[in-house]
S.K.: 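A single structure is presented below for examination.
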Amino acid sequence: MRLSHRRQFLATAAAAGSAMFLRAATGSSEKRLEGIFPIMQTPFADSSALDHDTLANEVRFLHRIGVQGMVWPQLASEYVSLTFEERLAGAETILRANHALDARSRPAVVIGVQASDIGTAVKYARHADKGGADALVAIPLDGGRDESKQMEYYAAIGGCSTKPLIVQTIGNMSVDLVLRMAEQIPTLRYAKDEAGVTLARLTDYRKRGQILHGVFTGAHGPTLLDELARGAVGNMPSSGFADLYVAAWQAWKSGRQEAAMDIFGKTLLLIMDARAYGVPGQKYILQLRGVFPNTKCRGEAANVLFDDQAKEAIRRAVTYSRKWFKA
């Protein structure tokens, strides 16, 4: 993306602003984040260049199937393989595509701003804030191994934006650390919890009170309904079959627990394939659904075993599930 185009985009987005969220510290109302927020896969052309047209198509697909939000770029987005400029340009593509949707139904956009140093994370956060992201999310420094570094890191990110900040827990990050950070960082309002044993940690969050506005789960949510029963506000799965998660979440939220169990039982087949075949498998589901043109990956994801038998397994699961897909 040329610099002039980027400047024009940022000026337009900043003028439009984001009416969805207001700073919690001012006492203003703030729309709660909840529901299904898929981690977007990152499309690459055969040349390995970032495919902006397909990335925008993924935004429109997620809107059609009714997700409440979308998140990019995180671990399943192969963010470690993206350059600084690609991350900025990709965020702009997603935000621009989302802003073009009907304002009454467009999902929230959460931009990942993690980096290996605080200064770079702050640059990502400022760019996302200026571009009109609805919220920010960050994976901890050093894989969450050193808790002593996280307070400064998340405080710096949270301090340069008025948007809700989501901490993505991994490694050994404790519930206690997350809640201590939430008490001291006004914009830190949510967690995506993927450290330790999810169900036990959800119980721990709930026992500790309402410091956070909500806790999302991840890891493809194989125990999603149990997670919701323990207080999770939603899940951040992969994109390819997020409509099945949406249907299960909506049924559960409306009190139709048996319907939620029936729907989610059908989702588990795809979850097992997504976990088994990694990012290439997740992209293949999007290819089968007409969203992605290929399964091109970079970095470690490119080395995942994804052979003809893997493709056949996923085709069977997608064929079986088509009758429940929304679009």
Side-chain angles (χ1 to χ4, degrees), residues 9-10 12-14 16-24 28-42 55-74 76-77 79 87 90-114 124-139 157-158 161-168 186-193 212-218 221 224 228 232-239 242-243 245-247 249-250 253 326-327:
F9 164 78
L10 291 174
T12 301
S18 174
M20 292 185 67
F21 300 103
L22 299 175
R23 187 171 185 144
S28 300
S29 61
E30 177 184 293
K31 182 174 179 179
R32 189 184 191 211
L33 298 176
E34 61 176 350
I36 304 304
F37 282 57
I39 305 296
M40 297 177 67
Q41 268 63 65
T42 302
L55 192 60
N57 192 36
E58 188 176 2
V59 171
R60 293 186 288 269
F61 166 74
L62 290 173
H63 174 247
R64 286 197 306 273
I65 66 174
V67 302
Q68 287 70 46
M70 60 188 77
V71 188
W72 186 90
Q74 297 304 99
S77 315
Y79 87 90
R87 284 180 61 175
E92 290 167 13
T93 292
I94 290 167
L95 290 163
R96 184 169 50 251
N98 197 57
H99 289 159
L101 301 172
D102 187 337
R104 294 168 298 180
S105 62
R106 72 167 67 113
V109 172
V110 182
I111 296 297
V113 301
Q114 60 277 337
Y124 286 134
R126 287 176 175 161
H127 178 266
D129 180 74
K130 190 174 182 180
D134 298 302
L136 311 177
V137 63
I139 295 169
I157 294 171
S161 171
T162 64
K163 308 299 173 62
L165 173 60
I166 304 169
V167 53
Q168 178 170 338
T187 56
L188 201 163
R189 289 288 174 262
Y190 298 87
K192 179 196 178 186
D193 203 88
L212 292 170
H213 287 188
V215 178
F216 287 87
T217 56
L224 174 64
L228 295 176
V233 297
N235 185 266
M236 295 186 181
S238 56
S239 295
D243 35 354
Y245 289 87
V246 170
W249 176 76
Q250 288 175 333
K253 188 179 179 184
K326 186 171 182 179

S.K.: For the atom pair CG (N98) and OG1 (T93), what is the distance rounded to the nearest 0.5 Å?
M.R.: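 Result: 12.5 Å between the selected atoms.
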S.K.: What pairs with Q168 under side-chain hydrogen bond (donor to acceptor under 3.5 Å, both in side chains), at least two apart in sequence or on another chain?
M.R.: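 By the side-chain hydrogen bond (donor to acceptor under 3.5 Å, both in side chains) rule, Q168 matches Q74, E194.
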S.K.: For P107 and M70, which heavy atoms make the closest approach, and how far apart are they?
M.R.: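 The pair with the smallest heavy-atom distance is CG-CE, 3.7 Å.
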S.K.: Are the side chains of L101 and V59 in contact, using a 4.5 Å heavy-atom criterion?
M.R.: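 Touching, per the 4.5 Å side-chain cut-off.
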S.K.: Please evaluate residues V167 and L188 with respect to the criterion side-chain contact (heavy atoms from CB on, under 4.5 Å), reporting the C-alpha separation (whole Å), side-chain torsions for both, the decisive distance (0.1 Å), and the verdict.
M.R.: CA-CA 7 Å; V167 53; L188 201 163; 3.9 Å; yes
S.K.: What closest approach, in Å, do T187 and K163 show between heavy atoms, and which atom pair accounts for it?
M.R.: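 Closest pair (atom of T187, atom of K163, distance): CB-O, 3.6 Å.
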S.K.: Can you tell me how far the CZ atom of R189 sits from the CG atom of L165, to the nearest 0.5 Å?
M.R.: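 Here the rounded value is 10.0 Å.
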S.K.: Could you check whether any side-chain heavy atom of H213 comes within less than 4.5 Å of a side-chain heavy atom of P164, counting everything from C-beta outward?
M.R.: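 Not touching, per the 4.5 Å side-chain cut-off.
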S.K.: For the residue pair V67 and P38, what are the closest heavy atoms and their distance?
M.R.: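 The pair with the smallest heavy-atom distance is CG1-CG, 3.7 Å.
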S.K.: Could you state the interatomic distance from CG (D129) to CG (D134), rounded to the nearest 0.5 Å?
M.R.: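 It is 11.0 Å, given to the nearest 0.5 Å.
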S.K.: Sequence neighbours left out, what passes ring-ring contact (aromatic ring centres under 6.0 Å, His included) with F61? Give chain and number order.
M.R.: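 With sequence neighbours excluded, F61 shows a ring-ring contact (aromatic ring centres under 6.0 Å, His included) to no residue whatsoever.
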S.K.: Just so I know, are the side chains of L55 and I94 near enough to count as touching, which here means a heavy-atom distance under 4.5 Å?
M.R.: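 The answer is yes; the side chains approach within 4.5 Å.
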S.K.: Knowing that exactly one of W72, Y190, F216 qualifies, which makes a ring-ring contact (aromatic ring centres under 6.0 Å, His included) with F37?
M.R.: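 Running ring-ring contact (aromatic ring centres under 6.0 Å, His included) over W72, Y190, F216 with F37 returns exactly one hit, F216.
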S.K.: What is the minimum heavy-atom distance between V113 and A138, and which atoms define it?
M.R.: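 Of all heavy-atom pairs spanning V113 and A138, the closest is CG2-CB, 4.0 Å.
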S.K.: Test your reading of the model: is there a side-chain donor-acceptor pair from S77 to the backbone of Y79, 3.5 Å cut-off?
M.R.: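 Side chain of S77 to backbone of Y79: no pair is present.
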S.K.: Sequence neighbours left out, what passes salt bridge (Lys or Arg N to Asp or Glu O under 4.0 Å) with K326? Give chain and number order.
M.R.: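 For K326 there are no salt bridge (Lys or Arg N to Asp or Glu O under 4.0 Å) partners, ignoring immediate neighbours.
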S.K.: For L228 and G234, which heavy atoms make the closest approach, and how far apart are they?
M.R.: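 Here L228 and G234 meet closest at CD2-N, 4.2 Å.
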S.K.: Please list all pairs meeting side-chain hydrogen bond (donor to acceptor under 3.5 Å, both in side chains) that have one or both residues in residues 61-70, counting only residues at least two apart or in different chains.
M.R.: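 Those involving residues 61-70 are H63-S105.
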S.K.: Could you measure the distance from the CG atom of D193 to the CD1 atom of I166? Nearest 0.5 Å is fine.
M.R.: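 These two atoms lie 12.5 Å from each other.
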S.K.: Examine the side chains of H127 and E92 and answer whether a donor and an acceptor come within less than 3.5 Å of each other.
M.R.: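 Side-chain D/A pair, H127 to E92: present.
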S.K.: Holding to side chain to side chain contact (heavy atoms under 4.5 Å, CB included), I want the full list of residues that pass it with A247, two or more places apart in sequence or in another chain.
M.R.: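 Expected list: I263.
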S.K.: What closest approach, in Å, do V71 and M236 show between heavy atoms, and which atom pair accounts for it?
M.R.: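 Where V71 meets M236 most closely, the heavy atoms are CG2-SD, 4.0 Å.
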S.K.: By side chain to side chain contact (heavy atoms under 4.5 Å, CB included), which residues pair with P237, not counting sequence neighbours?
M.R.: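 For P237, the residues satisfying side chain to side chain contact (heavy atoms under 4.5 Å, CB included) (neighbours in sequence not counted) are I36, N235, Y245.
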